[in-house]
Amino acid sequence: MATSPAYHAPSGATSSTPRDEVDAILAAWALERPDVDTTPMQVLSRVSRLSRHLDLERRKAFAAHNLETWEFDVLSSLRREGEPYALTPGALMTELLVSSGTMTNRIDRLESAGLVTRTPSPNDRRAVVVSLTDEGKRRVDAALISLLECERAILAPLKNPEKEQLATLLRPLLLAFEQ
């Protein structure tokens, strides 16, 4: 049985700082395993929990436009490409980090819904190009506005300099996976 828990409030926290679920998890681990340094959990458990909350909120934003998250991801990849809003399935796979089979299934479903078309590649007879339809462009543009409203609401507790600082602090963590 531990007599002095290893958990300490993060620097900058005071006794009046509201506690979240991660604080409770860390305090419980400190009691049960005072020999283990749980400091990485202060950041990464919060990022993980925020990711789950963000995913749920994103789903709501997209549902208002009859889109699933994966549909928005494919459509927005095409939309960001600029006119003619087209990419090869391989480029979409690379950008979205999915397998060939998954990408084919997604393109099939989006094509059936009238949101994308497949045409032969002008550069390679063996390849196809996936393009946004007018309806796909309309839906992804509307869903983007809803997503941004949702994300602004999520970030509302932070001041602008804090948002910029958070983005700056998260960038090297993401780059470590993406490079």
Side-chain angles (χ1 to χ4, degrees), residues 1-81 92-99 101-103 105-106 109-110 115 136 138-179:
M1 176 174 220
T3 54
S4 60
Y7 174 75
H8 300 286
S11 61
T14 65
S15 59
S16 64
T17 301
R19 292 174 47 91
D20 61 18
E21 186 63 26
V22 174
D23 290 318
I25 290 168
L26 293 171
W29 276 124
L31 290 172
E32 293 300 316
R33 291 295 311 269
D35 58 312
V36 175
D37 177 12
T38 58
T39 356
M41 294 175 95
Q42 290 182 27
V43 174
L44 299 179
S45 290
R46 285 186 173 94
V47 168
S48 177
R49 292 178 69 81
L50 281 168
S51 175
R52 287 186 219 140
H53 289 295
L54 178 57
D55 184 52
L56 293 172
E57 293 302 312
R58 288 169 57 102
R59 287 173 194 250
K60 288 181 205 171
F62 300 145
H65 303 281
N66 296 315
L67 290 174
E68 296 289 333
T69 301
W70 66 266
E71 290 173 310
F72 176 83
D73 291 342
V74 174
L75 298 175
S76 65
S77 292
L78 295 168
R79 179 66 171 98
R80 288 191 309 269
E81 194 63 22
L92 286 165
M93 281 174 22
T94 301
E95 184 173 335
L96 299 173
L97 303 173
V98 297
S99 70
T102 297
M103 194 73 256
N105 180 274
R106 290 179 177 184
R109 291 173 66 184
L110 289 167
L115 302 176
R138 185 193 66 73
R139 296 257 294 275
V140 74
D141 282 352
L144 174 64
I145 299 304
S146 294
L147 173 64
L148 292 171
E149 290 170 359
C150 163
E151 291 181 348
R152 278 188 193 91
I154 289 168
L155 292 171
L158 300 177
K159 296 178 177 114
N160 283 339
E162 292 169 324
K163 292 174 199 173
E164 291 171 17
Q165 181 183 20
L166 181 59
T168 299
L169 291 170
L170 291 173
R171 185 174 291 111
L173 295 176
L174 185 57
L175 283 171
F177 285 96
E178 292 184 346
Q179 291 181 337

Fill in: Distance-only side-chain donor-acceptor flag, Ser45 / Arg49, under 3.5 Å
no

Worksheet entry | Donor on one side chain, acceptor on other, Arg52 and Ser48, under 3.5 Å | yes

How many angstroms lie between atom [atom1] of [X] and atom [atom2] of [Y], to the nearest 0.5 angstrom?
X	Y	atom1	atom2	result
Leu26	Glu21	CG	CD	10.0 Å
Leu147	Arg152	CG	CZ	9.5 Å
Gln179	Leu174	CD	CG	9.5 Å
Glu95	Leu78	CD	CG	8.5 Å
Leu44	Thr39	CG	OG1	10.5 Å
Leu92	Met103	CG	CE	5.0 Å

Worksheet item: Among Leu158, Leu166, Asn160, which one satisfies side chain to side chain contact (heavy atoms under 4.5 Å, CB included) with Glu162?
Response: Leu158

What's the shortest heavy-atom distance between [X] and [Y], and which atoms?
X	Y	result
Arg139	His65	NE-O, 2.8 Å
Trp70	Arg109	CZ2-CZ, 3.7 Å
Ala27	Arg19	CB-NH2, 3.9 Å
Leu67	Ala143	CD1-CB, 3.8 Å
Leu96	Ser77	CD2-OG, 3.5 Å
Cys150	Glu57	SG-CB, 3.4 Å

Check: [Y] and [X] side chains under 4.5 Å, non-hydrogen atoms:
X	Y	value
Leu115	Arg138	no
Leu54	Glu151	yes
Asp20	Asp23	yes

Worksheet entry | Derivation and outcome, side chain to side chain contact (heavy atoms under 4.5 Å, CB included), residues Leu97 and Glu178 | CA-CA 11 Å; Leu97 303 173; Glu178 292 184 346; 5.8 Å; no

Worksheet item: Taking Arg46 for the side chain and Gln42 for the main chain, is one N or O donor matched with an acceptor at less than 3.5 Å?
Response: yes

